[in-house]
Amino acid sequence: MDWLVAMLRAAGDPTRLRLLLLLRQAELTVSELIEIIGQSQPRVSRHLKLLCSAGLIARFKEGSWVFYRATDEGKGAALGAALADLLPGPPEADLKRLAAVREKRAAEAAAYFKANASEWGRIRSLHAPEREVEEAILRHLTAAPIEQLLDAGTGTGRMLELLAPHAKRAVGIDTSPEMLAIARDRLLRGTLPNCQVRLGDTYRLPFDAGGAAGGFDVVLFHQVLHYLDDPAAAVAEGARVLKRGGRLLIADFAPHSLEFLRDDYAHRRLGFSDREVQGWFAQAGLKLTAAEAIAPHTDSKEQLIVQIWLGQSPAATLGVAA
Ligand SMILES: C[S@@+](CC[C@H](N)C(=O)[O-])C[C@H]1O[C@@H](n2cnc3c(N)ncnc32)[C@H](O)[C@@H]1O
């Protein structure tokens, strides 16, 4: 019982409750939380420390940034969920400031892609062994037929071009009109009539939920999630539009410490661990079916490992009516 008393004590303060509710909505840094809560850094840090010690939130350091998020498993997660059930959500003013923080961040990334759209092909190959990654993606995805493919955060459409011969229909969505303009040009030049791109946000995909009656066979996130403030939500949204037995593939970096990728290339996260991705998959109802690490070239200055994770939504159970 002592553990529960300790947790309730930690949560039993208006600022800490606000922090807990906010961190159930997004993974945030201390400076972002200070901006939202409007209190001094020492006060916010003290509250965060108490919530961490009680197991209600988790802290993780990545390079020079420290992120906080609500605990997503165990007793801390159960109590957080119970408290959130009793309340309508974070106070309206906190939600507004959270939205402003997210918009500011998304605008910074959008400005980066606007400025670098024409250079993206070159930039992409700077940090990853492209040919090997593309071979691995093809190997994993073409093992089964693809009727409908969604490339989330398609950018300049390279993944559509790669996978077009293997899919009946492929759609790319992206929030950057500048990246999409180049993708459209690529589709026209390559004569790829089964592909199309649209402006759209990966957090709110402009498609109905998938399932037994329809949806995408494949959803792909290629080098997208490390730009997002809530990759778990993007993965859950991708899983929402999968058909039964559909597959979701993530190609992104394994954990690294190249801090300059934040400053010079607009990255938010410095790669992802297997454990973190498995947690997103579990929350989204996906089963991890394959994982593969692709080593950098031996002459590569930056030793970045690209990781592929493949998840699958549950297939129809034999003998059970759909
Ligand atoms: C690094 S690029 C990768 C593009 C492409 N997948 C590739 O590998 O060439 C990341 C892309 O994600 C897009 N993006 C960022 N946030 C997004 C969001 N919330 N919804 C859709 N696209 C987003 C950016 O505009 C950018 O084009």
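Sequence positions, counted from 1, serve as the residue numbers for this chain. For ligands, and for the atoms within them, numbers begin at 1 and follow the listed sequence.
- Evaluation of the salt bridge (Lys or Arg N to Asp or Glu O under 4.0 Å) rule for D217 yields K243 as partners, not counting sequence neighbours.
- Centroid-to-centroid, the aromatic rings of H226 and F272 stay 6.0 Å apart or farther.
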List, one per line, each side-chain donor-acceptor pair under 3.5 Å for residues 161-170, sequence neighbours excluded.
residue: E161; atom: OE1; partner: R158; partner atom: NH1; Å: 2.7
residue: E161; atom: OE1; partner: R186; partner atom: NH1; Å: 2.8
residue: R169; atom: NH1; partner: Q148; partner atom: OE1; Å: 2.6

Using distance only, find each side-chain donor-acceptor pair of residues 72-79 under 3.5 Å and give its atom names and separation, not counting sequence neighbours.
residue: D72; atom: OD2; partner: Q283; partner atom: NE2; Å: 3.4
residue: E73; atom: OE2; partner: R275; partner atom: NH2; Å: 3.0

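- The aromatic rings of F260 and Y265 stand perpendicular to each other, their planes meeting at an angle above 60°, with 30° marking the opposite boundary.
- Between R269 and D229 there is no salt bridge, since none of the side-chain N atoms of the basic residue sits less than 4.0 Å from a carboxylate O of the acidic one.
- The immediate protein surroundings of ligand 1, defined as residues with any heavy atom under 4.0 Å of it, consist of F113, W120, R124, G153, T154, G155, D174, T175, S176, M179, G200, D201, T202, H222, Q223, V224, Y227, L228.
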